[in-house]
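Report on the structure given below.
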Amino acid sequence: MEKITSLAKRRGFVFQSSEIYGGQNGAWDYGPLGVELKNRIAQAWWKEMTQLHDDIVGLDAAILMHPRTWEASGHVENFTDPLVDCKKCNARFRADQIPPENLAAKKCPECGGELTDTRKFNLMFKTNIGPAEDSASIIYLRPETAQGIYVNYKNIIQSNRMKIPFGIAQIGKAFRNEIVTKNFIFRTCEFEQMEMQFFVKPDTDVEWFNEWKKRRWAYYEKLGVKMDHLRWHQHGPDELAHYAKDAYDIEYLFPMGWRELEGVHNRTNYDLSRHTQYSGKDLQYIDQDSNERYIPFIIETSAGLTRNVLMILCDAYDEEKVASEKNAGSSEGTDDWRTVLRFHPALAPITVAVLPLMKKDGLAELAQDIRRELKEDFATDYDQGGAIGRRYRRQDEAGTPFCVTIDYETKENNSVTLRFRDSMEQIRVNRAELTAHIRKAIKEYKR
Ligand code: ATP
């Protein structure tokens, strides 16, 4: 994880928030490469969940919601972690994350000092709206995006004539006052979620739950994630949320071990029943064909976008011993080790880097011209500084799947070198066919 954190900072993927002031715990900033990677992961998910499904539509609900929402959802009452502090070293722990014997003996796992009693700590960030700071002005930063979907479910049925079964997808920020925020961007106080709520007829929930488990697993396969680093974890009775009938996590083997990446939950009709009760609005679905009325069951797929960024970084990270590499027309080789991020080309922040072998003799201008052409179709980068082998290494570290090198031959016959990140293979391609070649390579990419 240290290597990934340091690469992420060095190459401008992720910076600590407010670093010049000593950093803000639980918050991170996404730099030039990081924001591209995050956006592409979000786009891949959005495409998968909306564009490829006729029965799912999108939503972008506000972060600030009516406070009754969080009473109805159960968050005001139940969204708590058990907290203990060490009286000696002041370390703070989640009681469910320290060894049970330490908890029983009230002994700090770090310094052996005495622990406080366990107390419940609500994870919602609370603030005030308007000038008065009284109980009537309390408002919460949403701890999940899902509730924005539930409160809009009727609007969407009416405006878009949706028929059950159908889904609503949303990507957005969520906030949790997490007690322990270690492991880089794994668990943070401000993060983003990609959630989809699928509304189904009550007696079809199990079938749809299994279907969504299958689809979400296939999604990661399609992204080229190492499938032996993914597994299912079913929630036991002590883990199940109060509203859930069944729940499975997709876990990923992060450097610190297996951890939750995404949850697939059968939330029953809990959410819409509660919102019916708290809002006084009838949230029953009316089946126009059969005239049946019922409160739909909800199957939820809930993934962390920022946690997916970490997963993709971990999954792509590789160090490899390689033979020295040179380019046509150049005599220089490079060192023997490379760090490479093997992103799927659809996720890579930069798709194509254009590199003139030399700055002189019009090669730089020619390279800029070729880059201008490629810009229309791909995210590009241009680099003319330093030895070509070293420039390849820089692109490997950024996870750029294709490099295009312009040399003296390009001037003669319009051919360029196309270099593939993973195999380091180099082929000559005619400039006119470059875009089609790269497109095909992206489509056919296999890790
Ligand atoms: P945990 O038990 O790890 O606190 P959770 O089970 O409460 O997580 P959910 O409420 O199911 O998590 O949230 C859905 C997804 O949102 C998680 O699978 C995870 O990817 C992401 N997520 C949740 N909390 C955080 C956080 N503090 N930082 C980053 N991502 C998070």
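Residue numbers start at 1 and run along the sequence shown. We count ligands from 1, going down the list as the structure has it; atoms in each ligand are counted the same way.
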### Message
Please list the nearest protein heavy atom to atom 30 (N) of ligand 1 with its residue and the distance rounded to 0.1 Å.
### Response
F191 CD1, 3.4 Å

### Query
Taking both backbone and side-chain atoms of Q193, is any N or O found less than 3.5 Å from an N or O belonging to ligand 1?
yes

### Task
For atom 21 (C) of ligand 1, grab the closest protein heavy atom and report residue, atom and distance to one decimal in Å.
G304 CA, 3.7 Å

### Trace of the salt bridge (Lys or Arg N to Asp or Glu O under 4.0 Å) decision for D396 with R419
CA-CA 11 Å; D396 287 342; R419 184 238 191 211; 2.8 Å; yes

#### Entry: N/O separation below 3.5 Å, L261 to ligand 1
yes

### Task
Work out whether the distance between some heavy atom of H265 and some atom of ligand 1 is less than 4.0 Å.
yes

### Query
Quick check: does E260 get an N/O under 3.5 Å from an N/O on ligand 1?
yes

### Task
Ignoring angles and geometry beyond distance, decide whether R176 reaches within less than 3.5 Å of ligand 1 through its nitrogen or oxygen atoms.
yes

### Task
Would you mind telling me if ligand 1 is within reach of the side chain of R259, the backbone, both or neither, using heavy atoms under 4.0 Å?
neither

### Query
Which protein heavy atom lies closest to atom 14 (C) of ligand 1, and at what distance to 0.1 Å?
S302 OG, 2.9 Å

### Message
Using only atom types and a distance under 3.5 Å, with no angle test, would you say the side chain of R11 pairs donor to acceptor with the backbone of R394?
### Response
yes

### Message
Counting neighbours of NZ on K226 that are heavy atoms of other residues, nucleotides or ligands and sit closer than 6.0 Å, is the number greater than 12?
### Response
yes

### Geometric N/O contact T188 with ligand 1, under 3.5 angstrom
yes

### Message
Tell me the protein heavy atom at minimum distance from atom 1 (P) of ligand 1, and give that distance in Å.
### Response
R187 NH1, 3.5 Å

#### Entry: Any donor-acceptor N or O pair under 3.5 Å, side chains D422, Y445
yes

### Task
List the closest protein heavy-atom neighbour of atom 29 (C) of ligand 1: residue, atom name, distance to the nearest 0.1 Å.
F186 O, 3.2 Å

### From OG1 (T116) to CZ (R92), nearest 0.5 Å
8.5 Å

### Message
Would you say S302 and E300 are linked by a side-chain donor-acceptor pair, where the criterion is simply a distance under 3.5 Å?
### Response
no

### Task
Give me the ring orientation class for F199 and Y153: parallel if the planes are under 30° apart, tilted from 30 to 60°, perpendicular past 60°.
parallel

### Query
Do H233 and E239 meet the criterion of a side-chain donor-acceptor pair at a distance under 3.5 Å?
yes

